[in-house]
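All remarks here apply to the structure that follows.
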There are 2 protein chains.
Amino acid sequence: MTRSKSLLINILRNEGLRYTSQRRAVWNELKSSADHRDAEDIYLCLRRKKIRVSRATVYRTIDVLVKNNLVRKMELGDGRALYEPRIGNEHHDHIICLETGKITEFYNEDLEQLQEKIVKQRGYELVRHVHQLFVRPLKK
Amino acid sequence: MTRSKSLLINILRNEGLRYTSQRRAVWNELKSSADHRDAEDIYLCLRRKKIRVSRATVYRTIDVLVKNNLVRKMELGDGRALYEPRIGNEHHDHIICLETGKITEFYNEDLEQLQEKIVKQRGYELVRHVHQLFVRPLKK
DNA sequence: TTTTTTAATGAGACTCATTCTCAATATAAG
DNA sequence: CTTATATTGAGAATGAGTCTCATTAAAAAA
Ligand SMILES: [Mn+2]
Ligand SMILES: [Mn+2]
Ligand SMILES: [Zn+2]
Ligand SMILES: [Zn+2]
């Protein structure tokens, strides 16, 4: 709590930004999320908790958090972006069940290294990647 | 030419759809594309060639083509979807250069199989996947 | 071929997530 | 406490894509 509060303060200070109640609230909401959430969901949750914040500020704050690696953005192709906190949350990719909508996380070292190898071979350096596996439950 | 024309006719017939000049034009435009193109680009190219077609029809036709595996849809997270023909074009994934915007294609058998293994392990069957590597040129 | 049936089209209204504008407000420095 | 200015909220704007509906054109029927 104190840990991540000072985390946010430091990031804001570094960027020359102010530590406001809205930014604190958005980060609190996001960092305590178990699952992957969209901006509207965060906005509505904060409002329900009587926290005075606007959609614009939710979007603006999320941008700051993403830019500073506190939050990861993910797009599944349905129009709205999902977000998840990155603290205590190692890199992983996602399996999305087309039937239930359930999102499972996975991490595979070989896969990660293969990617690095593939881009290096072509004279590139890997900056980030998107890897999503859309699946259906196996029927037996 | 006759080959892919009858390809389109058969697909339309199968779906109980009509073979129209607009559908022919959109498919012709798309199938002869070397690179990855968005709907607006296709719309504008057809208009420039004096082909009478509307945006709505371009979108509707692309949907038919995607649904029938003549065209692949891809989203890079910048808001507009890109499309590429699938005939004479084996499965591949994409490397996107953040500096130049250049899109390179790659295919790696080990990677494809790893994905299958990963989802099977979790009781799923892989339906489709998105794999994009965002890179920067290696400076030496 | 001509007629009939019905799917397809075009123009533009609409949607919806996200971004922008700008006057009012709050933060942090002095 | 005062000042300078970054931040905020309300709602307008944006933009890719979808929808509506009157008109047009395939293609089946005659
Ligand atoms: Mn995740
Ligand atoms: Mn490609
Ligand atoms: Zn990964
Ligand atoms: Zn692949």
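Chain naming here is simple, since letters A, B, ... match the order of the sequence lines and numbering starts at 1 in each. These values consider heavy atoms only, across backbone and side chains, with no hydrogens, waters or symmetry-generated copies.
Of all the residues in residues 64-80 of chain A, not one reaches under 4.0 Å from DNA chain D with any non-hydrogen atom.
Panel note: side chain B:Arg47, backbone B:Val53; a donor-acceptor pair is recorded below 3.5 Å. A donor-acceptor pair is defined here as one N or O able to donate and one able to accept, closer than 3.5 Å; such a pair exists between the side chain of B:Gln132 and the backbone of B:Glu75. A donor-acceptor distance shorter than 3.5 angstrom exists from the side chain of A:Arg23 to the backbone of A:Arg18, with no hydrogens or angles considered.
For the pairing with B:Glu84, the side chain to side chain donor-acceptor pair (under 3.5 Å) check across B:His92, B:Lys31, B:Arg37 returns one residue only, B:His92.
Regarding contacts with the backbone of D:dT18, every side-chain N or O of B:Tyr59 stays at 4.0 angstrom or more from both OP1 and OP2.
Both A:Val58 and B:Arg52 sit near DNA chain D, but only A:Val58 has its closest nucleotide nearer the 5' end. Across the interface with DNA chain D, nearest-nucleotide mapping of B:Ala81 and A:Ser21 shows A:Ser21 to be the residue nearer the 5′ end.
The CG-P distance, from A:Leu46 to D:dT8, rounds to 13 Å in whole Å. Regarding B:Glu15, its CD atom lies at a distance of 17 Å from the C1' atom of D:dA26, rounded to whole Å.
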Taking protein heavy atoms under 4.0 Å as touching, what does nucleotides 3-8 of chain C look like 5' to 3' if B marks base contact, S marks sugar-phosphate-only contact and - marks none?
---BBS
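For B:His131 and B:His91, the distance between ring centers is not under 6.0 angstrom.
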Check the pair B:Leu30 / B:Thr61 against side-chain contact (heavy atoms from CB on, under 4.5 Å), numbers first and verdict last.
CA-CA 11 Å; B:Leu30 213 32; B:Thr61 300; over 6 Å; no
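As judged by a 4.0 angstrom heavy-atom cut-off over every strand, A:Arg60 is placed among the base-contacting residues.
Using five terminal pairs a side, the axes of the helix from C:dT1-D:dA30 to C:dG30-D:dC1 at its two ends make an angle of 30°, given in steps of 10 degrees.
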